[in-house]
Amino acid sequence: MDRQETDLFVVGGGPAGLAAAIAARQIGLNVTVADGASAPIDKSCGEGLMPEGVRALRALGVEIGERDAFAVRGIRFWSGTRSVAANFPESPALGIRRTTLHSKMVARAEACGAQLLWRSPVQGLAADGVYHGNTFTRARWIVGADGASSLVQRWSGLDRGVPASARFGFRRHFRVAPWSDHIEVYWTHHGQIYVTPVAVDEVSVAVISRRSPARVDQVLEAVPELARRLRDVEATSVERGAITKLRRLPRVYNGRVVLIGDASGSTDAITGHGLCVAFEQSLALANALKANDLSLYAREHRHLARKPWLMARMLLMMDRYEWIRERTIRIFEECPHAFESLLAMHASSVPTARIAGAGLTLGWRLLTA
């Protein structure tokens, strides 16, 4: 068996793993990344990158060109004939194909000097390193970035957390000019439909539902106007499916093994915050590695998770209970400032106390509406 050595071994070459690799290279660590897939890696998701995520990408040195993505100005909620929209308060979000984002991150990781091993699945961990293929790589630190069903999480004994609440997602792309510069969220009895512009001539349509299977074409029929827009339009990708989970872990590191991204706990995709949090976690992890103290990362990880967790719980209440959803959309329609404030909290760095306070205020209005 071949033997190698590195400072940091990252298991998983998706966006979270690449972000961890880039951040670690920026502080001078030697980094190896291994993944069983080939680049670029695709995944079923809404493909909207919130403003916080765009800023974190810039801090990682990943530049997204104008032709690579579509600038998204805000979010619009639809429920039946009711709708309400608000703009992001500071800077736009981006709609970007997952494969495009991954390619950009691969290029940045390579330029930083990270060693990227594709088609190299990891078979297990040892006390001082990682087994992959016919190689054992000794590593000072091991990062698990292998998703919500993380093997690293299990191998390191970090999988003892709150049981996950799971929903099902499917996504397709359509060759059509975006009719809005907002991410449109259609609320139906099936779940949510997300329409995200990803190019000047293409949109991404994602469906998230508690029901399985709830395929894109099936759920579109619940929104006749949207179904009409996409009827006879060329599909530019095959339909992909995934499971999205809401789960928190009591610990995110054990000895030299540390988790990042969905492997470290996940929020339901309803928040659109998954990638943003992973990118911010990578910067926090680099600071902790530089200080040789993973407890610093654990503390910052808890802080970064609070807002998406609160947002997920609020939005999932709207998903589960139709009367809450209908009253909420009506309140937002009658008082657009309330929706603008919620979006500002969702897309900006604000104290979680303000989010909790906004939730209580909204709850009171729901009860008295």
Side-chain angles (χ1 to χ4, degrees), residues 8-12 14-17 19-20 23-24 52-53 56 122 124-130 139-167 210 242-317 320 346 349-353 355-356 359:
L8 186 77
F9 194 105
V10 182
V11 182
E52 284 179 301
V122 171
L125 307 183
D128 59 345
V130 177
R140 182 181 177 191
W141 309 101
I142 299 167
V143 175
D146 50 340
S149 301
S150 170
L151 289 174
V152 175
Q153 183 190 103
R154 188 191 315 164
W155 291 335
S156 58
L158 291 168
D159 60 341
R160 300 175 183 86
V162 178
S165 171
R167 296 200 301 155
R210 296 180 187 277
I243 294 176
T244 178
K245 297 180 180 181
L246 181 66
R247 189 184 188 197
R248 299 174 86 172
L249 298 178
R251 296 187 301 155
V252 293
Y253 76 96
N254 186 7
R256 68 179 67 208
V257 180
V258 59
L259 305 176
I260 193 172
D262 285 348
S264 66
S266 54
T267 58
D268 188 279
I270 198 169
T271 68
H273 254 103
L275 286 179
C276 303
V277 172
F279 298 158
E280 292 174 320
Q281 287 171 353
S282 72
L283 297 168
L285 178 57
N287 289 333
L289 294 173
K290 189 174 182 179
N292 196 32
D293 185 357
L294 288 179
S295 70
L296 298 177
Y297 170 69
R299 189 180 309 126
E300 185 63 14
H301 186 281
R302 287 192 295 271
H303 171 74
L304 291 170
R306 286 191 190 111
K307 182 170 69 172
W309 182 263
L310 286 171
M311 284 293 181
R313 298 302 293 266
M314 291 169 62
L315 294 172
L316 287 173
M317 287 285 285
R320 185 179 291 273
H346 183 65
S349 298
V350 299
T352 53
I355 300 174

Undergrad: Listing request: all salt bridge (charged side-chain N to carboxylate O under 4.0 Å, His left out) pairs with a residue in residues 281-300, at least two apart in sequence or in separate chains.
TA: none
Undergrad: Is there a side-chain contact between Arg140 and Asn292 in this structure, where contact means two heavy atoms from C-beta onward sitting under 4.5 Å apart?
TA: yes
Undergrad: What I'd like to find out is whether the side chain of Leu259 reaches to under 4.5 Å of the side chain of Tyr297, using heavy atoms alone.
TA: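 Side-chain contact under 4.5 Å: no.
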Undergrad: For Leu296 and Ala291, work out which heavy atoms get closest and say how close.
TA: CD1-CB, 3.7 Å
Undergrad: Rounded to the nearest 0.5 Å, how far does CZ of Arg154 lie from CG of Asp146?
TA: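 It is 9.5 Å, given to the nearest 0.5 Å.
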Undergrad: Test your reading of the model: is there a side-chain donor-acceptor pair from Gln153 to the backbone of Asp159, 3.5 Å cut-off?
TA: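 It does not hold such a pair.
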Undergrad: Got Leu294 and Leu285 here, is their nearest side-chain heavy-atom distance under 4.5 Å?
TA: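 A side-chain contact exists here, since the closest heavy-atom pair is under 4.5 Å.
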Undergrad: What residues form a side-chain contact (heavy atoms from CB on, under 4.5 Å) with Ala148, not counting sequence neighbours?
TA: Lys245, Asp262
Undergrad: Can you see which heavy atom on Ala23 is nearest to which on Ser282, and at what distance?
TA: CB-O, 3.4 Å
Undergrad: Rounded to the nearest 0.5 Å, what's the gap from CZ on Arg313 to CZ on Arg320? Could you check?
TA: 9.5 Å
Undergrad: If you compare all heavy atoms of Ala145 against all heavy atoms of Ala16, which two are closest, and at what distance to 0.1 Å?
TA: CB-C, 4.3 Å
Undergrad: Are any non-hydrogen side-chain atoms of Tyr253 and Ser156 less than 4.5 angstrom apart?
TA: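 No, side chains not in contact.
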Undergrad: So do Phe9 and Val122 actually touch side chain to side chain, heavy atoms under 4.5 Å?
TA: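 Yes - at least one pair of side-chain heavy atoms lies under 4.5 Å apart.
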